[in-house]
There are 2 protein chains.
Amino acid sequence: MTTPPAGLRERKKQATREALREAALRLAVERGPDQVRVEDIAEAAGVSPRTYNNYFASREQAIVSAVTADREARIAAAVTAGPAGVRLADAVTEAVVEQYANAGEREQQALLLITARTALRDAFLDATADIEPPLTAAIAERLGDAEARTARVLAASVAAAVRIALEDWLQPAGSAEAVGAAGLVVPAGSLPDHLRTTLAPLAPAFDAAERRTREGGL
Amino acid sequence: MTTPPAGLRERKKQATREALREAALRLAVERGPDQVRVEDIAEAAGVSPRTYNNYFASREQAIVSAVTADREARIAAAVTAGPAGVRLADAVTEAVVEQYANAGEREQQALLLITARTALRDAFLDATADIEPPLTAAIAERLGDAEARTARVLAASVAAAVRIALEDWLQPAGSAEAVGAAGLVVPAGSLPDHLRTTLAPLAPAFDAAERRTREGGL
DNA sequence: CCGCAATCTTGCGCGTACGCAATATTGCGG
DNA sequence: CCGCAATATTGCGTACGCGCAAGATTGCGG
(Lines give C-alpha, C1' and ligand atoms only; values in the text may rest on other atoms or scores of the structure.)
Protein backbone atom coordinates (compact mmCIF):
# COMPACT_ATOMS: atom_id res chain seq x y z
CA MET A 1 0.00 0.00 0.00
CA THR A 2 2.71 2.42 0.97
CA THR A 3 5.28 1.60 -1.68
CA PRO A 4 4.39 -0.49 -4.67
CA PRO A 5 7.59 -0.51 -6.75
CA ALA A 6 6.73 3.03 -7.85
CA GLY A 7 7.99 4.60 -11.01
CA LEU A 8 11.30 6.23 -11.62
CA ARG A 9 9.66 9.62 -11.35
CA GLU A 10 8.58 9.13 -7.77
CA ARG A 11 11.90 7.64 -6.77
CA LYS A 12 13.76 10.58 -8.18
CA LYS A 13 11.57 12.95 -6.23
CA GLN A 14 12.26 11.11 -3.00
CA ALA A 15 15.95 11.11 -3.80
CA THR A 16 15.93 14.85 -4.35
CA ARG A 17 14.00 15.43 -1.14
CA GLU A 18 16.44 13.23 0.71
CA ALA A 19 19.41 15.00 -0.82
CA LEU A 20 18.03 18.38 0.21
CA ARG A 21 17.39 17.16 3.75
CA GLU A 22 20.90 15.81 4.12
CA ALA A 23 22.55 18.81 2.55
CA ALA A 24 20.58 21.16 4.78
CA LEU A 25 21.45 19.32 7.97
CA ARG A 26 25.09 18.81 7.04
CA LEU A 27 25.66 22.42 6.15
CA ALA A 28 23.81 23.62 9.24
CA VAL A 29 26.02 21.49 11.44
CA GLU A 30 29.19 22.41 9.63
CA ARG A 31 28.92 26.16 9.58
CA GLY A 32 26.08 27.03 11.92
CA PRO A 33 22.39 27.35 11.05
CA ASP A 34 22.48 31.06 10.25
CA GLN A 35 25.32 30.75 7.79
CA VAL A 36 23.35 28.56 5.42
CA ARG A 37 21.35 30.12 2.64
CA VAL A 38 18.77 28.33 0.57
CA GLU A 39 21.06 28.85 -2.36
CA ASP A 40 23.78 26.85 -0.61
CA ILE A 41 21.50 23.94 0.16
CA ALA A 42 20.16 23.84 -3.36
CA GLU A 43 23.63 23.91 -4.80
CA ALA A 44 24.82 21.13 -2.52
CA ALA A 45 21.88 19.01 -3.62
CA GLY A 46 22.37 19.80 -7.27
CA VAL A 47 19.11 21.59 -7.96
CA SER A 48 18.09 25.17 -8.52
CA PRO A 49 17.04 27.36 -5.59
CA ARG A 50 13.58 27.56 -7.10
CA THR A 51 13.28 23.78 -6.96
CA TYR A 52 14.22 23.81 -3.32
CA ASN A 53 11.05 25.72 -2.66
CA ASN A 54 9.02 23.15 -4.52
CA TYR A 55 10.04 20.70 -1.82
CA PHE A 56 10.20 22.85 1.31
CA ALA A 57 8.26 25.99 2.07
CA SER A 58 10.87 27.47 4.35
CA ARG A 59 14.56 27.31 4.98
CA GLU A 60 14.03 25.67 8.36
CA GLN A 61 11.75 22.90 7.17
CA ALA A 62 14.49 21.08 5.33
CA ILE A 63 16.79 21.00 8.35
CA VAL A 64 14.05 19.94 10.71
CA SER A 65 12.69 17.33 8.36
CA ALA A 66 16.07 15.64 8.37
CA VAL A 67 15.32 14.77 11.97
CA THR A 68 11.58 14.26 11.94
CA ALA A 69 11.57 12.52 8.57
CA ASP A 70 8.81 9.94 8.67
CA ARG A 71 8.02 10.03 12.34
CA GLU A 72 4.35 10.43 11.48
CA ALA A 73 4.16 7.19 9.58
CA ARG A 74 6.00 5.29 12.31
CA ILE A 75 3.68 6.55 15.01
CA ALA A 76 0.60 5.57 13.06
CA ALA A 77 2.10 2.17 12.37
CA ALA A 78 2.91 1.66 16.03
CA VAL A 79 -0.66 2.45 17.03
CA THR A 80 -2.09 0.12 14.43
CA ALA A 81 0.32 -2.61 15.42
CA GLY A 82 -0.75 -2.46 19.05
CA PRO A 83 -2.80 -5.50 20.17
CA ALA A 84 -6.54 -4.91 20.40
CA GLY A 85 -6.48 -5.79 24.07
CA VAL A 86 -4.77 -2.70 25.42
CA ARG A 87 -6.51 0.58 26.10
CA LEU A 88 -6.43 2.85 23.09
CA ALA A 89 -5.06 5.63 25.27
CA ASP A 90 -2.11 3.48 26.23
CA ALA A 91 -1.51 2.30 22.70
CA VAL A 92 -1.31 5.88 21.47
CA THR A 93 0.82 7.07 24.36
CA GLU A 94 3.34 4.29 23.97
CA ALA A 95 3.47 4.71 20.22
CA VAL A 96 4.33 8.35 20.66
CA VAL A 97 6.85 7.78 23.39
CA GLU A 98 8.54 5.07 21.41
CA GLN A 99 9.14 7.35 18.45
CA TYR A 100 10.57 10.21 20.43
CA ALA A 101 12.61 8.03 22.77
CA ASN A 102 14.64 6.24 20.13
CA ALA A 103 16.87 9.15 19.29
CA GLY A 104 19.79 8.08 17.16
CA GLU A 105 23.28 9.54 17.37
CA ARG A 106 22.58 12.00 14.60
CA GLU A 107 19.20 13.08 15.96
CA GLN A 108 20.79 13.92 19.28
CA GLN A 109 23.33 16.19 17.65
CA ALA A 110 20.70 17.86 15.48
CA LEU A 111 18.54 18.48 18.52
CA LEU A 112 21.24 20.63 20.05
CA LEU A 113 21.35 22.66 16.88
CA ILE A 114 17.59 23.03 16.82
CA THR A 115 17.27 24.01 20.44
CA ALA A 116 19.68 26.85 19.98
CA ARG A 117 17.99 28.88 17.27
CA THR A 118 14.44 30.03 17.85
CA ALA A 119 13.38 29.75 14.23
CA LEU A 120 14.47 26.13 14.13
CA ARG A 121 12.87 25.39 17.45
CA ASP A 122 9.56 26.72 16.17
CA ALA A 123 9.80 24.76 12.95
CA PHE A 124 10.57 21.64 14.94
CA LEU A 125 7.56 22.15 17.18
CA ASP A 126 5.33 22.92 14.22
CA ALA A 127 6.38 19.63 12.70
CA THR A 128 4.56 17.76 15.45
CA ALA A 129 1.32 18.81 13.78
CA ASP A 130 2.22 16.45 10.95
CA ILE A 131 1.40 13.44 13.06
CA GLU A 132 -2.24 14.43 13.10
CA PRO A 133 -3.49 12.98 9.79
CA PRO A 134 -1.91 9.54 10.11
CA LEU A 135 -2.80 9.43 13.77
CA THR A 136 -6.39 10.29 12.91
CA ALA A 137 -6.47 7.35 10.55
CA ALA A 138 -5.00 4.98 13.10
CA ILE A 139 -7.40 6.04 15.83
CA ALA A 140 -10.37 5.99 13.50
CA GLU A 141 -9.54 2.42 12.66
CA ARG A 142 -9.96 1.46 16.29
CA LEU A 143 -13.01 3.58 16.99
CA GLY A 144 -14.98 2.83 13.86
CA ASP A 145 -16.43 5.15 11.28
CA ALA A 146 -19.13 6.43 13.61
CA GLU A 147 -16.47 8.20 15.66
CA ALA A 148 -14.56 9.69 12.75
CA ARG A 149 -14.95 13.19 14.06
CA THR A 150 -13.89 12.09 17.53
CA ALA A 151 -10.79 10.46 16.11
CA ARG A 152 -9.80 13.70 14.46
CA VAL A 153 -10.26 15.71 17.63
CA LEU A 154 -8.34 13.21 19.71
CA ALA A 155 -5.49 13.05 17.22
CA ALA A 156 -5.26 16.83 17.17
CA SER A 157 -5.31 16.91 20.95
CA VAL A 158 -2.49 14.40 21.12
CA ALA A 159 -0.47 16.46 18.68
CA ALA A 160 -1.10 19.54 20.78
CA ALA A 161 -0.10 17.74 23.96
CA VAL A 162 3.08 16.40 22.39
CA ARG A 163 3.94 19.87 21.27
CA ILE A 164 3.50 21.16 24.79
CA ALA A 165 5.62 18.38 26.21
CA LEU A 166 8.42 19.14 23.79
CA GLU A 167 8.11 22.87 24.38
CA ASP A 168 8.64 22.40 28.10
CA TRP A 169 11.35 19.90 27.61
CA LEU A 170 13.33 22.12 25.28
CA GLN A 171 13.25 25.07 27.64
CA PRO A 172 16.84 26.18 28.25
CA ALA A 173 15.71 26.31 31.89
CA GLY A 174 16.82 29.89 31.62
CA SER A 175 13.39 31.26 32.50
CA ALA A 176 11.86 31.55 35.96
CA GLU A 177 13.47 28.27 37.02
CA ALA A 178 11.52 27.28 40.11
CA VAL A 179 7.95 28.53 40.01
CA GLY A 180 7.56 27.75 43.67
CA ALA A 181 4.32 26.56 45.29
CA ALA A 182 2.80 23.65 43.40
CA GLY A 183 4.27 24.65 40.05
CA LEU A 184 6.30 21.55 39.57
CA VAL A 185 7.77 22.49 36.18
CA VAL A 186 9.62 19.17 35.75
CA PRO A 187 11.57 20.17 32.67
CA ALA A 188 14.51 18.12 33.83
CA GLY A 189 12.97 14.62 33.83
CA SER A 190 13.34 12.11 31.04
CA LEU A 191 11.46 12.87 27.87
CA PRO A 192 9.46 9.62 27.86
CA ASP A 193 8.11 10.25 31.36
CA HIS A 194 7.41 13.83 30.47
CA LEU A 195 5.43 12.77 27.42
CA ARG A 196 3.46 10.24 29.41
CA THR A 197 2.58 12.79 32.08
CA THR A 198 1.51 15.34 29.52
CA LEU A 199 -0.64 12.91 27.59
CA ALA A 200 -2.27 11.48 30.69
CA PRO A 201 -5.05 14.07 31.01
CA LEU A 202 -6.41 13.01 27.64
CA ALA A 203 -6.82 9.37 28.62
CA PRO A 204 -10.38 9.76 29.96
CA ALA A 205 -11.48 11.13 26.59
CA PHE A 206 -10.01 8.09 24.85
CA ASP A 207 -11.62 5.74 27.33
CA ALA A 208 -15.03 7.33 26.85
CA ALA A 209 -14.75 7.13 23.09
CA GLU A 210 -13.65 3.52 23.23
CA ARG A 211 -16.50 2.63 25.57
CA ARG A 212 -18.96 4.32 23.25
CA THR A 213 -17.63 2.30 20.33
CA ARG A 214 -17.94 -0.95 22.22
CA GLU A 215 -21.51 -0.23 23.26
CA GLY A 216 -22.48 0.99 19.82
CA GLY A 217 -20.85 -2.03 18.26
CA LEU A 218 -22.94 -4.53 20.19
CA MET B 1 -5.30 44.25 36.09
CA THR B 2 -5.94 44.31 32.38
CA THR B 3 -6.00 48.07 31.85
CA PRO B 4 -4.90 50.45 34.54
CA PRO B 5 -5.19 53.88 32.89
CA ALA B 6 -1.98 53.05 31.04
CA GLY B 7 0.41 55.61 29.66
CA LEU B 8 0.17 57.54 26.48
CA ARG B 9 2.76 55.32 24.96
CA GLU B 10 0.68 52.18 25.28
CA ARG B 11 -2.45 53.91 24.06
CA LYS B 12 -0.71 55.11 20.95
CA LYS B 13 0.49 51.63 20.23
CA GLN B 14 -3.01 50.27 20.49
CA ALA B 15 -4.26 53.06 18.28
CA THR B 16 -1.69 52.25 15.64
CA ARG B 17 -2.51 48.58 15.80
CA GLU B 18 -6.19 49.40 15.49
CA ALA B 19 -5.55 51.73 12.58
CA LEU B 20 -3.59 49.05 10.76
CA ARG B 21 -6.31 46.48 11.36
CA GLU B 22 -9.02 48.74 10.03
CA ALA B 23 -7.02 49.91 7.07
CA ALA B 24 -6.16 46.34 6.16
CA LEU B 25 -9.74 45.13 6.32
CA ARG B 26 -11.17 48.15 4.54
CA LEU B 27 -8.72 47.96 1.67
CA ALA B 28 -9.15 44.21 1.38
CA VAL B 29 -12.90 44.61 1.09
CA GLU B 30 -12.69 47.54 -1.28
CA ARG B 31 -10.32 46.20 -3.87
CA GLY B 32 -9.99 42.48 -3.15
CA PRO B 33 -7.45 40.81 -0.86
CA ASP B 34 -4.79 40.25 -3.49
CA GLN B 35 -4.74 43.86 -4.60
CA VAL B 36 -3.54 45.12 -1.24
CA ARG B 37 0.15 45.43 -0.55
CA VAL B 38 1.67 45.98 2.85
CA GLU B 39 2.81 49.32 1.55
CA ASP B 40 -0.81 50.34 0.96
CA ILE B 41 -1.94 49.36 4.43
CA ALA B 42 0.94 51.16 6.06
CA GLU B 43 0.28 54.29 4.06
CA ALA B 44 -3.41 54.24 4.91
CA ALA B 45 -2.54 53.95 8.58
CA GLY B 46 0.08 56.66 8.39
CA VAL B 47 3.12 54.61 9.29
CA SER B 48 6.08 53.23 7.39
CA PRO B 49 5.95 49.75 5.89
CA ARG B 50 8.71 48.74 8.26
CA THR B 51 6.56 49.69 11.21
CA TYR B 52 3.75 47.56 9.88
CA ASN B 53 5.97 44.55 10.37
CA ASN B 54 6.63 45.56 13.94
CA TYR B 55 2.93 44.97 14.57
CA PHE B 56 2.07 42.11 12.25
CA ALA B 57 4.36 39.38 11.01
CA SER B 58 2.48 38.77 7.80
CA ARG B 59 0.21 40.58 5.43
CA GLU B 60 -2.70 38.34 6.31
CA GLN B 61 -2.47 38.75 10.07
CA ALA B 62 -3.66 42.33 10.01
CA ILE B 63 -6.76 41.52 7.99
CA VAL B 64 -7.63 38.50 10.07
CA SER B 65 -7.00 40.26 13.35
CA ALA B 66 -9.61 42.83 12.42
CA VAL B 67 -12.11 40.03 12.82
CA THR B 68 -10.60 37.99 15.62
CA ALA B 69 -9.42 41.05 17.56
CA ASP B 70 -9.72 40.20 21.24
CA ARG B 71 -11.70 37.03 20.96
CA GLU B 72 -9.16 35.35 23.23
CA ALA B 73 -9.77 37.71 26.11
CA ARG B 74 -13.54 37.43 25.78
CA ILE B 75 -13.46 33.65 25.81
CA ALA B 76 -11.32 33.60 28.92
CA ALA B 77 -13.59 36.13 30.59
CA ALA B 78 -16.67 34.09 29.72
CA VAL B 79 -15.16 30.97 31.26
CA THR B 80 -14.16 32.79 34.42
CA ALA B 81 -17.57 34.41 34.65
CA GLY B 82 -19.33 31.06 34.53
CA PRO B 83 -20.89 30.06 37.88
CA ALA B 84 -18.92 27.50 39.84
CA GLY B 85 -21.88 25.14 39.74
CA VAL B 86 -21.73 24.12 36.09
CA ARG B 87 -19.43 21.51 34.68
CA LEU B 88 -16.15 23.01 33.55
CA ALA B 89 -16.57 21.28 30.21
CA ASP B 90 -19.87 23.06 29.68
CA ALA B 91 -18.54 26.39 30.81
CA VAL B 92 -15.72 26.20 28.31
CA THR B 93 -17.90 24.96 25.49
CA GLU B 94 -20.49 27.66 25.95
CA ALA B 95 -17.86 30.35 26.30
CA VAL B 96 -16.38 29.32 22.98
CA VAL B 97 -19.72 28.99 21.23
CA GLU B 98 -20.82 32.36 22.50
CA GLN B 99 -17.82 34.11 21.02
CA TYR B 100 -18.10 32.55 17.60
CA ALA B 101 -21.87 32.78 17.41
CA ASN B 102 -22.19 36.51 17.94
CA ALA B 103 -20.94 37.49 14.53
CA GLY B 104 -21.59 41.14 13.82
CA GLU B 105 -22.49 42.56 10.44
CA ARG B 106 -18.91 43.36 9.65
CA GLU B 107 -17.57 39.99 10.78
CA GLN B 108 -19.98 38.22 8.48
CA GLN B 109 -18.77 40.18 5.49
CA ALA B 110 -15.15 39.67 6.40
CA LEU B 111 -15.72 35.95 6.72
CA LEU B 112 -16.74 35.75 3.09
CA LEU B 113 -13.53 37.45 2.16
CA ILE B 114 -11.49 35.12 4.31
CA THR B 115 -13.11 31.95 3.10
CA ALA B 116 -12.29 32.81 -0.47
CA ARG B 117 -8.51 33.09 -0.34
CA THR B 118 -6.50 30.17 0.99
CA ALA B 119 -3.82 32.29 2.60
CA LEU B 120 -6.40 34.22 4.58
CA ARG B 121 -8.25 31.07 5.51
CA ASP B 122 -5.05 29.60 6.93
CA ALA B 123 -4.22 32.75 8.85
CA PHE B 124 -7.73 32.77 10.27
CA LEU B 125 -7.46 29.18 11.41
CA ASP B 126 -4.01 29.76 12.86
CA ALA B 127 -5.47 32.59 14.91
CA THR B 128 -7.51 30.11 16.93
CA ALA B 129 -4.27 29.08 18.58
CA ASP B 130 -4.23 32.46 20.30
CA ILE B 131 -7.02 31.44 22.62
CA GLU B 132 -4.73 28.91 24.26
CA PRO B 133 -2.84 31.08 26.78
CA PRO B 134 -5.85 32.94 28.22
CA LEU B 135 -7.89 29.78 28.18
CA THR B 136 -5.13 28.00 30.03
CA ALA B 137 -5.27 30.65 32.72
CA ALA B 138 -9.05 30.46 33.00
CA ILE B 139 -9.07 26.68 33.25
CA ALA B 140 -6.17 26.64 35.68
CA GLU B 141 -8.13 28.95 37.94
CA ARG B 142 -10.87 26.37 38.19
CA LEU B 143 -8.63 23.33 38.50
CA GLY B 144 -6.09 24.71 40.94
CA ASP B 145 -2.34 24.97 40.64
CA ALA B 146 -1.83 21.25 41.04
CA GLU B 147 -3.37 20.72 37.63
CA ALA B 148 -1.50 23.49 35.85
CA ARG B 149 -0.11 21.12 33.26
CA THR B 150 -3.52 19.57 32.72
CA ALA B 151 -5.01 23.00 32.17
CA ARG B 152 -2.50 23.70 29.47
CA VAL B 153 -3.15 20.44 27.68
CA LEU B 154 -6.90 20.88 27.86
CA ALA B 155 -6.72 24.44 26.58
CA ALA B 156 -4.55 23.36 23.69
CA SER B 157 -6.95 20.53 22.93
CA VAL B 158 -9.87 22.92 22.90
CA ALA B 159 -8.02 25.22 20.54
CA ALA B 160 -7.27 22.29 18.28
CA ALA B 161 -10.88 21.14 18.34
CA VAL B 162 -12.16 24.63 17.56
CA ARG B 163 -9.79 24.80 14.65
CA ILE B 164 -11.10 21.52 13.32
CA ALA B 165 -14.69 22.67 13.70
CA LEU B 166 -13.97 25.85 11.79
CA GLU B 167 -12.02 23.99 9.15
CA ASP B 168 -14.96 21.73 8.42
CA TRP B 169 -17.43 24.56 8.58
CA LEU B 170 -15.50 26.68 6.10
CA GLN B 171 -15.24 23.90 3.55
CA PRO B 172 -16.64 25.16 0.25
CA ALA B 173 -18.40 21.79 0.20
CA GLY B 174 -16.55 21.35 -3.04
CA SER B 175 -14.72 18.22 -1.91
CA ALA B 176 -16.05 14.67 -1.79
CA GLU B 177 -19.46 15.88 -0.60
CA ALA B 178 -21.13 12.79 0.80
CA VAL B 179 -18.62 10.38 2.29
CA GLY B 180 -21.28 7.72 2.38
CA ALA B 181 -21.60 5.07 5.08
CA ALA B 182 -21.44 6.58 8.56
CA GLY B 183 -19.34 9.57 7.51
CA LEU B 184 -21.86 12.18 8.47
CA VAL B 185 -19.73 15.21 7.48
CA VAL B 186 -22.33 17.75 8.70
CA PRO B 187 -20.64 20.82 7.29
CA ALA B 188 -24.00 22.41 6.67
CA GLY B 189 -25.35 22.66 10.23
CA SER B 190 -25.20 25.78 12.36
CA LEU B 191 -21.80 26.75 13.64
CA PRO B 192 -22.78 26.64 17.33
CA ASP B 193 -24.03 23.08 17.07
CA HIS B 194 -21.01 22.13 15.07
CA LEU B 195 -18.70 23.54 17.73
CA ARG B 196 -20.56 21.75 20.48
CA THR B 197 -20.39 18.44 18.65
CA THR B 198 -16.70 18.82 17.96
CA LEU B 199 -15.85 19.77 21.53
CA ALA B 200 -17.96 17.00 23.04
CA PRO B 201 -15.31 14.26 22.88
CA LEU B 202 -13.09 16.28 25.21
CA ALA B 203 -15.70 16.54 27.96
CA PRO B 204 -14.65 13.33 29.74
CA ALA B 205 -11.14 14.68 30.11
CA PHE B 206 -12.48 17.84 31.70
CA ASP B 207 -14.74 15.86 34.02
CA ALA B 208 -11.88 13.67 35.16
CA ALA B 209 -9.67 16.66 35.86
CA GLU B 210 -12.44 18.41 37.76
CA ARG B 211 -13.13 15.30 39.81
CA ARG B 212 -9.45 14.98 40.61
CA THR B 213 -9.37 18.57 41.79
CA ARG B 214 -12.39 18.09 44.02
CA GLU B 215 -10.95 14.98 45.62
CA GLY B 216 -7.53 16.51 46.05
CA GLY B 217 -9.07 19.63 47.53
CA LEU B 218 -10.80 17.79 50.35
C1' DC C 1 10.75 2.60 -31.28
C1' DC C 2 7.98 6.96 -31.29
C1' DG C 3 5.06 10.73 -30.21
C1' DC C 4 2.30 12.91 -26.89
C1' DA C 5 0.32 14.14 -22.50
C1' DA C 6 1.51 14.61 -17.78
C1' DT C 7 4.69 16.23 -14.75
C1' DC C 8 8.99 18.32 -12.97
C1' DT C 9 12.53 21.80 -13.15
C1' DT C 10 14.09 26.29 -13.79
C1' DG C 11 14.67 31.60 -14.48
C1' DC C 12 12.39 35.68 -13.67
C1' DG C 13 10.10 39.12 -11.11
C1' DC C 14 7.47 40.96 -7.34
C1' DG C 15 6.31 41.50 -2.75
C1' DT C 16 7.25 40.24 1.78
C1' DA C 17 9.89 39.48 6.39
C1' DC C 18 13.18 41.04 9.33
C1' DG C 19 18.06 42.31 11.39
C1' DC C 20 20.52 46.33 12.10
C1' DA C 21 21.72 50.95 13.23
C1' DA C 22 20.31 55.73 13.16
C1' DT C 23 16.73 58.82 14.62
C1' DA C 24 12.62 60.44 17.03
C1' DT C 25 9.37 60.13 20.89
C1' DT C 26 7.95 59.36 25.59
C1' DG C 27 7.82 60.16 30.35
C1' DC C 28 10.38 59.66 34.73
C1' DG C 29 13.43 61.76 38.14
C1' DG C 30 15.67 65.93 39.44
C1' DC D 1 10.99 72.83 33.16
C1' DC D 2 14.95 69.86 31.62
C1' DG D 3 17.89 66.15 30.54
C1' DC D 4 18.28 61.24 30.11
C1' DA D 5 17.18 56.44 29.80
C1' DA D 6 13.85 53.53 27.70
C1' DT D 7 11.36 52.51 23.91
C1' DA D 8 9.22 53.23 19.07
C1' DT D 9 9.76 54.39 14.31
C1' DT D 10 12.09 54.39 10.17
C1' DG D 11 15.36 53.41 6.02
C1' DC D 12 18.32 50.24 4.20
C1' DG D 13 19.96 45.92 2.75
C1' DT D 14 19.51 40.98 2.26
C1' DA D 15 17.24 36.80 1.75
C1' DC D 16 13.17 34.29 1.27
C1' DG D 17 8.48 32.49 -0.78
C1' DC D 18 6.06 31.78 -4.55
C1' DG D 19 3.16 32.69 -9.06
C1' DC D 20 4.03 32.31 -13.72
C1' DA D 21 5.37 30.57 -18.11
C1' DA D 22 8.98 28.34 -20.85
C1' DG D 23 11.72 24.35 -21.38
C1' DA D 24 13.19 19.53 -20.02
C1' DT D 25 11.95 14.82 -18.47
C1' DT D 26 9.18 10.79 -17.90
C1' DG D 27 6.58 6.99 -19.29
C1' DC D 28 2.14 5.40 -21.40
C1' DG D 29 -0.22 3.83 -25.57
C1' DG D 30 0.39 2.81 -30.21
Side-chain angles (χ1 to χ4, degrees), chain A residues 3-21 23-25 27-28 31-65 116-124 126-127, chain B residues 3-21 23-25 27-28 31-65 116-124 126-127:
Chain A
T3 311
L8 168 61
R9 218 182 196 111
E10 195 57 30
R11 267 181 294 137
K12 267 193 133 177
K13 271 186 76 170
Q14 292 307 341
T16 301
R17 171 170 271 108
E18 175 80 10
L20 285 170
R21 267 205 278 262
L25 181 55
L27 290 176
R31 50 171 103 157
D34 293 340
Q35 307 307 318
V36 185
R37 284 165 313 177
V38 165
E39 188 183 340
D40 303 328
I41 302 174
E43 189 185 19
V47 296
S48 77
R50 184 63 185 83
T51 296
Y52 172 91
N53 276 310
N54 288 342
Y55 285 87
F56 298 100
S58 82
R59 187 169 61 86
E60 289 78 18
Q61 272 186 20
I63 301 177
V64 164
S65 90
R117 308 287 169 172
T118 309
L120 283 178
R121 218 184 70 105
D122 290 348
F124 175 69
D126 285 346
Chain B
T3 311
L8 169 61
R9 217 181 195 112
E10 196 58 29
R11 269 180 293 137
K12 268 192 129 176
K13 270 186 75 170
Q14 292 306 338
T16 301
R17 172 170 269 108
E18 175 79 11
L20 286 170
R21 267 205 278 261
L25 180 55
L27 290 176
R31 48 171 105 158
D34 293 341
Q35 306 308 318
V36 185
R37 284 164 314 176
V38 165
E39 189 183 341
D40 303 327
I41 302 175
E43 189 184 18
V47 295
S48 76
R50 184 63 185 81
T51 296
Y52 172 90
N53 275 308
N54 288 342
Y55 285 87
F56 297 100
S58 82
R59 187 170 62 85
E60 290 77 19
Q61 271 186 20
I63 301 177
V64 164
S65 89
R117 309 285 167 172
T118 310
L120 284 178
R121 217 184 70 106
D122 290 348
F124 175 70
D126 285 346

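FYI, side chains are in, hydrogens and waters are out, and symmetry mates aren't considered; it's all heavy atoms of this structure. Remember, predicted model here, so these are calculated numbers, not experimental data. Chain naming here is simple, since letters A, B, ... match the order of the sequence lines and numbering starts at 1 in each.
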What's the [atom1]-[atom2] distance between [X] and [N], to the nearest Å?
X: A:Glu43; N: C:dT10; atom1: CD; atom2: P; result: 13 Å
X: A:Asn54; N: D:dT25; atom1: CG; atom2: P; result: 16 Å
X: A:Arg11; N: D:dT25; atom1: CZ; atom2: P; result: 18 Å
X: A:Lys13; N: D:dG27; atom1: NZ; atom2: C1'; result: 15 Å
X: A:Lys12; N: C:dT7; atom1: NZ; atom2: P; result: 17 Å
X: B:Gln61; N: C:dT16; atom1: CD; atom2: C1'; result: 13 Å
X: A:Arg37; N: C:dC18; atom1: CZ; atom2: P; result: 20 Å
X: A:Glu39; N: D:dA15; atom1: CD; atom2: P; result: 8 Å

Mind checking [X] for me? I need base, sugar-phosphate or nothing, with any heavy atom below 4.0 Å counting as a touch.
X: A:Tyr52; answer: nothing
X: B:Phe56; answer: nothing
X: A:Arg50; answer: base

* To do: State whether the side chain of A:Tyr52 and the backbone N or O of A:Ser58 hold a donor-acceptor pair below 3.5 Å, judged by distance alone.
  => yes

* Worked check of side-chain contact (heavy atoms from CB on, under 4.5 Å) between B:Leu25 and B:Arg21 -> CA-CA 6 Å; B:Leu25 180 55; B:Arg21 267 205 278 261; over 6 Å; no

Where the side chain of [X] is concerned, which of [options] is the nearest nucleotide?
X: A:Val38; options: C:dT9, D:dG17, D:dC18; value: D:dG17
X: A:Thr51; options: C:dC8, D:dC18, C:dT10; value: C:dT10
X: A:Val47; options: C:dT10, D:dG17, C:dC18; value: C:dT10

* To do: Flag the pair A:Glu10 and A:Lys13 as a salt bridge only when some basic side-chain nitrogen lies within less than 4.0 angstrom of an acidic carboxylate oxygen.
  =>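 Salt bridge between A:Glu10 and A:Lys13, a charged N being under 4.0 Å from a carboxylate O: no.
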
* Short side-chain N/O contact to D:dG17 OP1/OP2 from A:Asn53, under 4.0 Å ->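 Answer yes for this pair, as a side-chain N or O of A:Asn53 is under 4.0 Å from OP1 or OP2.
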
* **Which atom of B:Pro33 lies closest to which atom of B:Arg59, heavy atoms considered** =>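 Closest heavy-atom pair between B:Pro33 and B:Arg59: O-NH1, 3.0 Å.
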
* To do: Could you tell me which nucleotide pairs with C:dG19 by Watson-Crick or G-U wobble geometry, both distances under 3.5 Å, or answer none if nothing does?
  =>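 WC or wobble partner is D:dC12.
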
* Asked: Watson-Crick or G-U wobble partner for D:dG30, using a 3.5 Å limit on both distances?
  ->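 Check on D:dG30: paired to C:dC1, both distances under 3.5 Å.
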
Expected list for residues 35-44 of chain A: side-chain donor-acceptor pairs under 3.5 angstrom, two or more places apart:
{"unit_1": "A:Arg37", "atom_1": "NH2", "unit_2": "A:Asp40", "atom_2": "OD1", "d": "3.2"}
{"unit_1": "A:Asp40", "atom_1": "OD2", "unit_2": "A:Arg31", "atom_2": "NH1", "d": "3.3"}
{"unit_1": "A:Asp40", "atom_1": "OD2", "unit_2": "A:Arg37", "atom_2": "N", "d": "2.9"}

